[in-house]
Amino acid sequence: MSEMIPKKMRALVLPAPGKHEIQEVPVPQPEAGEVLCKVRGVAICGSDPEILRGGLAGRWPPAYPFIPGHEWSGQVVALGSGVVDLKAGDAVAGQAHKGCGHCRNCLAGRYTICEHYGRPESGQRHYGFITQGAYAQYIAISVKSVNLMPKTMTFREGALVDTAGVVLHGLELCGVTPGGTVAVIGPGPIGLITMRLARALGAARIIAVGRGARLQASQMAGADVQVNFENSDPVKAVREATEGLGVDEAIECSGAAGTFRQAVEMVRKGGRVSLVGVPTDQVIEPLPFKYIVHNEIAIFGARANPNVSRKVISLIAAGQLPVADLVTHTFPLEQFSTALDVFVNRRDGVIKVVVEPNGTSPSQ
Ligand SMILES: [Zn+2]
Ligand SMILES: [Zn+2]
């Protein structure tokens, strides 16, 4: 494939905190170790609206103008120097983080908790948060932050690889008991993927905790028991569904106040809690300290998706982790404001919205 790469592209640009517009900007050049990709699909993340509102200005992003977007898929169109294992035409799925590569955590493979986070001079990148992102027709990105997709996968599925990777990392940290029971708090996109992935990893029973349309959606993700926290105490309901013992693992996917403690009190003695949903800085949780000690409750904070994208791609391609039906809406980049409104205000049964900067994506 050889395709003319234009000099200019359309991108969603934040010119200042709280503002966004579609602009014509230069197509970036891939530097050493980077590829230039034509972006086919970008999923709106739960973290995007706050970045767009400007509520995190100075941190995410550190400066303006800025192009957000980090859950994407596309095609390689040009290579920077030193790129040996990708070629033009390859379909890839992106991931947001790239570590510095040389701090203790990066050397141990834990690059989403890079000790040089936020210092680009170290080589650290966080695309769509502190590094220019994917709501654009093209993105220049490190080879470490793209993963080859097989021909059988669509770009819309590829746009969900980053999100699904966040789930897989959270589940890898706490482990999933084969034949066990998992409680999932917060049946949004992350929670629904958690239910499917926990099943794929061997859980026999899934208990979904939520409310409204999203709790209903947990049925399609295979929840065996649905607990509506609006009309029952979720801890009591989960214990009743497990002969009083509690679940093997509880996965917190909402980031909402109050749910951390619920997760702790839902698991069995020796159970494990994984915190995947991202709360705001204001959420400070009171926890039953002694209970955690005496029952050996293990708690894992999970940040993003280190070293899981390839596994996720294989699971999706093999049909073990269906994600296509979670993309309920697609929009061209020009209709970004509408796409954001549908996502933020949960219109029309929305689960995931994929924005397509280069028009309706071919299946590949
Ligand atoms: Zn995301
Ligand atoms: Zn590092």
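Whatever order the structure lists ligands and atoms in, that order sets their numbers, starting from 1. In this chain, numbering begins with 1 at the start of the sequence shown.
- With Ile44 as reference, Val355 is the one residue of Val355, Val342, Val354 to meet the side chain to side chain contact (heavy atoms under 4.5 Å, CB included) rule.
- For the residue pair Ser337 / His20, a side-chain donor-acceptor distance below 3.5 Å is found, with atom types taken as modelled.
- Salt-bridge annotation for Glu249 and Arg272: present, with a side-chain N of the basic residue lying under 4.0 Å from a carboxylate O of the acidic one.
- Geometry about the Zn ion (ligand 1) gives an angle of 100° between NE2 of His70 and SG of Cys45, rounded in steps of 10 degrees.
- Of all N/O/S atoms in Glu71, OE2 sits nearest the Zn ion (ligand 1).
- With respect to the salt-bridge test (charged N to carboxylate O, under 4.0 angstrom), the residues Arg268 and Asp248 qualify.
- Put simply, the angle at the Zn ion (ligand 2) from SG in Cys103 to SG in Cys106 is close to 110°, to the nearest 10°.
- Around the Zn ion (ligand 2), the two atoms SG of Cys114 and SG of Cys100 are separated by an angle of 100°, to 10 degrees.
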